[in-house]
Amino acid sequence: MTTFNPNDIPSRFDFAEAQNRIFQMWESGGYFEGDPESEKPPYTVVIPPPNVTGALHLGHALNNTLQDTLIRMKRMQGFNALWMPGTDHAGIATQAVVERRLKEDEGKTRHDLGREALVDRIWKWKEQYEARILGQLKQIGSSCDWKRTRFTLDDVCARAVRHTFFDLFQKSLIYRGKRLVNWDTFLQTTVSDDEVFSKTVKGQFWHFKYPVIDPQPGEPEFVIVATTRPETMLGDTAVAVHPEPDRALDRVASELREKLKKSSDSEKASVEGQLEALAARRTDMLPKLEQLRDMAADGRKLMLPLMDREIPLVCDVWAKPELGAGCVKITPAHDPNDYEVAKRCDLPMINIMNRDGTLNVETGVYSGLTMKQARKKVVEDLDAIQLLKTVEDREIELPQSDRSKTPIEPYLADQWFVAMSELSQSAIDAVVEGQVSITPKRYERGYLDWLGEKRDWPVSRQLWWGHQIPVWTRACDSEAEVQPLIEAIQALPGFDKTVAAIQLEPCEETDADKRAKLELPFASVHVCVQSGCEEFENALEGMGLIREEDVLDTWFSSALWPHSTLGWPEQTPELACFYPTSTLITSRDIISLWVARMVLMGLNNCGEVPFEKVYIHPKIQDGFGETMSKSKGNGIDPLDVIAKFGADALRFGMAHLCTETQDVRLPVQFECPHCQHTFDQTKKNRILPKVSCPSCKKEFSTQWAESEEDRSLDKGAVISERFETARNFVNKLWNASRFAMLNLEGYEASPISEDDLTVEDRWMLSRLTTVSGNVTAYLEDFKYADATRELYEFAWHQFCSFYVEMLKDRFADEAKRSHAQRMLAYSLDCLLKLLHPVMPFITEEIWQNLAHICPERGWAKVETANRCIIDAAWPELNPAWRDEAIENQFSLYQSALSDLREIRNSQNIGNKKKVKFSIKCAADIGELLQPLGIYFSRMANAELVELGPEAVAPETSATRTTAEMEIYVDLDGLIDIEAEVKRLEKEKANLEKSISSKQRQLSNEKFVAAKPDLANEIRTSLSQAENQLATIADSLQKMTAKL
RNA sequence: GGGCGUUUAGCUCAGUUGGCUAGAGCAUCUCGUUUACACCGAGAGGGUCGGGGGUUCGAGUCCCUCAACGCCCA
């Protein structure tokens, strides 16, 4: 071990070297570990598990910085802190990545591999990427208890999932039903709504004629319907007309008139045109629409062409009388709106599609065709029998799968649902009654509204990667089969209510003939099996029950995260100690998907809310106000920021941006790998595979580089200059500490008596007390920006710029040296601790360096410093040290100092030239300033020659005034009269403005009557300002005379 | 379409319950290497607080309205 020598400390913090070393020291020292046996009060945070596939982005950096800052403060405050880490298996996202890779590298689909082999591959992928993402979190400095790292698909979580599913199944809160899903025919899976994007494409709008069966005299022989998807007509089960076409047209017209009032001139013509068209329509079409409505009411039926199926004419508001023919064909199994109509009108739903997107047996001769082929044939066939009326070109919105980039087909499928009514209510109550608080409070509303809808939660996903649903099913063709089957199951060895639960799902189709035709069973028997009962599962399979292939929605396992990670359903010591957790920190887009579901699952499984507080942090956008994403090319990799600025700067920058109301805008720059020049990213250059540096003109590659040539170029980092401030602050702190250590030679710890404290010592103690109190309160309230602003201001502009500067004089004085050293060590100690939660690495490094010279610290009481800052005690200073009088005294000094410096600047007097000055002020003010008078010399190279009521202005002087003082700088032989006159004139104008505004206020009788105290304050400051004005006017006159 | 939020200096943001001449960082300009730090120090310039209306003795702050932008849910 080398001996520590402060002279060896470099002038810059080598964060790249220190970060890994320090992190390993913490981790191997067990500092991150929560102890379930501890006597200390617990404080728990569970990480929002990042997707295993994803690389870390700045949103993660922000999210984890905030969690780490909080958990580090709590750890220092003496809590038994546990930050629970882990990753999410992220169902479709992960499977899609691996499948795409399989396709690209080997030209295979998942079906070529089979379920087991594919899942095996995904696990391997997961191992690789999980290590990467956890490594990234560690680089940020996250003090998670890494030994406890969980994965939503590992054994512990799987047991919790299975246990929960079984419990809900048994309570009949899980059931199977039909639902229209977004079907990706390429991946052959459902896709959630947020994985569907809409694309505008050129398409056609076909108008068909459906014959009316037995039209009454005067009634039309055909009904016209229009569609952009002709092939879906094979699954039509009705045609709808509006029940009140007259009123519907009126409403549209009145909406248009409203719009006309508001619209600009350019829009007016188009709206007026629409109104006219509507009026014409009312004349032409309304009688026909009303007739159709009456026909529907009368039970008229239509003949569905090509299929020769009778379908009803129904009334429903989904039909839009203002559009097309005013009638709409209803295909319940393949259109979300039609699905709703079918539910309202009790229509049959005919599924016409196979899982691969081809048409099924329901479509007769069209069976086996793709949608595209079927479209062509349907149109041709209709045309052949003269039922195709017209075709028009039109732009249509086509839903696409975000994963496979292929069109989405709406599809009716068997799905498992969680019944939400009771569960939602419990989660609503938890927030309404205050067991869970959400910060900022405005997010409560979205949470409550979403839960209030109590929509059942579809939890099946047609994937292979995930928790396979633990239900075994057998279809029974007749009623007679059901009871014997159930009895046989109950008679199986080991059957027990704790092992298996049975549900009977009768077929929706009650007509036996139809069931036979559609090959539907009479009923399905579902058996849910608890975990760890493989023999029973085998027995079920022996009886012909087949396990459900679908897996659960990822959010199902995420919903259990706060308790599953602690070992539930086992009653582990961890669960007893750390549940409910304390705080959850996450982003707003998953409040309903994740936060709400955790609350209701926590209540269901544990009987207690999963966390007491939820903090929703801002989202990060680029300089254009767009969300950052890899697909836009504007995503900043936190590791690039760490490489350039250091982890502490990244963290401080993040926390500094984290304000209450605003999302965070972070202008994005490229950094040239050749010359390190940084320049703004634009919407143009951020999508290029290579960019040339405007400074050195050399080219570098970006994330888009694909060609061999582009990829051979060095890659440019995507960063943000916004972290410079934080990096500079890190450097400032580093150098202030370096200075301290260079001056602490011969340090001896011993208590300082209160009587020996100087004014500046008392000021520092007062400031430390105030700042530590504020920072603590801010962090407890999630006011990260306020906390970091306070620390920045204090550390830089008070501790460094004043206290350390003043200590320099005291170090030079042998008699004062030892005392000054002790005060410096003490205040630096406090400052480091306050900064540690936000800037853990540099504070740990300085802390341990400091320990080499000052192992014992403190002013009133001396104690041996903790070995590591990470678990040093959080500063809790005696509130009695807050001293407003001292802080005011200090600000007098500061304002005098800044006036002196301003005079130096405006008079262009070099720093090396010593000046003399006087301060004229009341006697009591003079007494306050006296002890600080010596510091004018160091900080402004100015000598205070006279102080007090008797002070007079020298013959040639520059004058400044404050409310309490007049400052005269003797400028004999130095003065730039013109500059001084200019300055005085400006000052005079300012004062006059201020005075007249005060006078105006005071002459306002209502104001003086309403706020007498405030009026008095203004009177005082008015008289001060008038005095200042008199002084300035006097000086101005003298100076002008010399011109 | 419904809900939430934002609009303050060239840029990114603060601005408590309405109250004295609206603040910070970066950028710009001027000066400066005095025993920590040029990733530094001192100073300066720069804002009719998105538009309009209202309440009030007094509005960046409260209310109404319009506009633009962002997010969430349909």
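Everything numeric in this text was worked out from a predicted model, so none of it was measured. Numbered from 1 within each chain, the chains take letters A, B, ... in sequence-line order. Excluded from the calculations below are hydrogen atoms, water molecules and symmetry mates; all remaining heavy atoms, backbone and side chain alike, are included.
- Rounded to whole Å, the P atom of C63(B) lies 11 Å from the corresponding atom of G18(B).
- Not a single donor-acceptor pair, N or O on each side, falls under 3.5 Å between the base of A14(B) and the side chain of Glu793(A).
- Between the CZ atom of Arg588(A) and the P atom of G3(B) there is a distance of 18 Å, rounded to whole Å.
- Remark: G70(B) base-pairs with C4(B). Criterion, Watson-Crick or G-U wobble with two distances under 3.5 Å.
- Judged by Watson-Crick or G-U wobble contacts below 3.5 Å, the nucleotide A44(B) has U28(B) as its partner.
- The pairing partner recorded for G58(B) is none, the criterion being a Watson-Crick or G-U wobble arrangement whose two distances lie under 3.5 angstrom.
- Here Arg665(A) does not reach the OP1 or OP2 of C11(B): none of its side-chain N or O atoms lies under 4.0 Å away.
- Rounded to whole Å, the separation between the P atoms of G25(B) and C71(B) comes to 31 Å.
- The partner of U17(B), taking Watson-Crick or G-U wobble pairs whose two distances both stay under 3.5 Å, does not exist in any strand shown.
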Restricting both atoms to N or O, compile the protein contacts to nucleotides 39-42 of chain B shorter than 3.5 Å, with distance only.
residue, atom, partner, partner atom, Å
C39(B), OP1, Arg12(A), NH2, 2.9
C39(B), O4', Asn728(A), OD1, 3.2
C39(B), O2', Asn731(A), OD1, 2.5
C39(B), O2, Arg727(A), NE, 3.0
C39(B), N4, Arg12(A), NE, 3.4
C39(B), N4, Arg12(A), NH1, 2.5
C40(B), O3', Lys732(A), NZ, 3.4
G41(B), OP1, Lys732(A), NZ, 3.3
G41(B), OP1, Trp796(A), NE1, 2.4
A42(B), O2', Asn905(A), ND2, 2.9

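- Taking atom P on both nucleotides, C64(B) is separated from A22(B) by 28 Å, rounded to a whole Å.
- Ring centroid separation for the pair Phe936(A) and Tyr893(A) comes in under the 6.0 Å cut-off.
- Between the CE atom of Met741(A) and the P atom of A36(B) there is a distance of 14 Å, given to the nearest Å.
- By the 4.5 Å heavy-atom criterion applied to side chains, Thr788(A) and Tyr778(A) are not counted as neighbours.
- Counting distance only, with no hydrogens placed and no angle test, the side-chain atoms of Lys783(A) and the base atoms of A14(B) include no donor-acceptor pair under 3.5 Å.
- Among the atoms of the strands shown, none is found under 4.0 Å from any heavy atom of Glu721(A).
- Pairing of C49(B), defined by two Watson-Crick or G-U wobble distances under 3.5 Å, is not identified with any nucleotide.
- Rounded to whole Å, the separation between the P atoms of G47(B) and C40(B) comes to 27 Å.
- Between the side chain of Asp456(A) and the backbone N or O of Met420(A) there is at least one donor-acceptor pair closer than 3.5 Å.
- The side chain of Arg442(A) approaches G5(B) more closely than any other nucleotide in the set G70(B), C72(B), G5(B).
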Write down the protein N/O and nucleotide N/O pairs, taken from nucleotides 54-62 of chain B, whose separation is under 3.5 Å; answer none if there are no such pairs.
residue, atom, partner, partner atom, Å
C57(B), O2', Asn1004(A), ND2, 2.1

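- Checking U21(B), U12(B), A36(B) against every side-chain atom of Cys800(A), the shortest atom distance belongs to A36(B).
- The distance between the ring centers of Phe841(A) and Phe13(A) does not fall below 6.0 angstrom.
- In the set U12(B), C4(B), G25(B), G25(B) carries the atom at the smallest distance from any side-chain atom of Tyr792(A).
- Proximity of a side-chain donor or acceptor of Trp734(A) to a complementary backbone N or O of Ile846(A) within less than 3.5 Å is not detected.
- Summarising the geometry, the separation between CE on Met654(A) and P on C13(B) is reported as 13 Å, rounded to the nearest angstrom.
- A side-chain donor-acceptor contact under 3.5 Å links Ser720(A) to the backbone of Pro667(A).
- Taking atom NZ of residue Lys619(A) and atom C1' of nucleotide C69(B), one finds them 17 Å apart after rounding to whole Å.
- For the C1' atoms, the distance from G52(B) to G10(B) is 27 Å, rounded to whole Å.
- Here the separation of U28(B) from G5(B), taken at their P atoms, is 37 Å to the nearest Å.
- Taking the side chain as every heavy atom from C-beta outward, Ile1018(A) and Phe1007(A) approach each other to under 4.5 Å.
- The pair Glu978(A)-Lys982(A) fails the salt-bridge criterion, with no side-chain N (NZ, NE, NH1 or NH2) lying under 4.0 Å from an Asp/Glu carboxylate O.
- The gap from the C1' atom of C72(B) to that of C66(B) amounts to 24 Å, rounded to the nearest Å.
- Contacts of Arg455(A) with the nucleic acid, taken as non-hydrogen atoms under 4.0 Å apart, involve only primed sugar atoms and P, OP1 or OP2.
- Counting only distance, with no hydrogens or angles, the side chain of Arg651(A) and the backbone of Val838(A) share a donor-acceptor pair below 3.5 Å.
- Closest approach to the Arg445(A) side chain among C69(B), G25(B), G3(B) is made by G3(B) (side chain taken as heavy atoms from C-beta onward).
- Toward the 5' end of RNA chain B, the nearer of the two residues Ile1018(A) and Arg789(A), judged by each one's closest nucleotide, is Arg789(A).
- Look at the C1' atom in both U17(B) and G2(B): the space between them is 33 Å, to the nearest Å.
- With respect to Lys988(A) and Glu992(A), a salt bridge is recorded, a charged nitrogen being found less than 4.0 Å from a carboxylate O.
- Between Tyr615(A) and His617(A), the ring planes are tilted. Angles from 30° to 60° get that label.
- Glu790(A) comes within 4.0 angstrom of nothing in the nucleic acid, heavy atoms only.
- A donor-acceptor contact under 3.5 Å is formed by the side chain of Ser1021(A) with the base of C20(B).
- Side chain of Arg960(A) to backbone of Val969(A): no donor-acceptor contact under 3.5 angstrom is found.
- Contacts of Ser997(A) with the nucleic acid, taken as non-hydrogen atoms under 4.0 Å apart, involve only primed sugar atoms and P, OP1 or OP2.
- Summarising the base pairing, U35(B) is matched to no nucleotide, lacking a Watson-Crick or G-U wobble pair whose two defining distances lie under 3.5 Å.
- Leu1014(A) comes within contact range of at least one nucleobase, with a heavy-atom separation under 4.0 Å.
- Among the heavy atoms of the strands lying under 4.0 Å from Lys998(A) is at least one base atom, whether or not backbone atoms are also near.
- Comparing C73(B), C37(B), G25(B) by their nearest atom to the side chain of Glu453(A) picks out C73(B).
- One atom, CG of Asn1016(A), and another, C1' of G19(B), lie 14 Å apart when rounded to the nearest Å.
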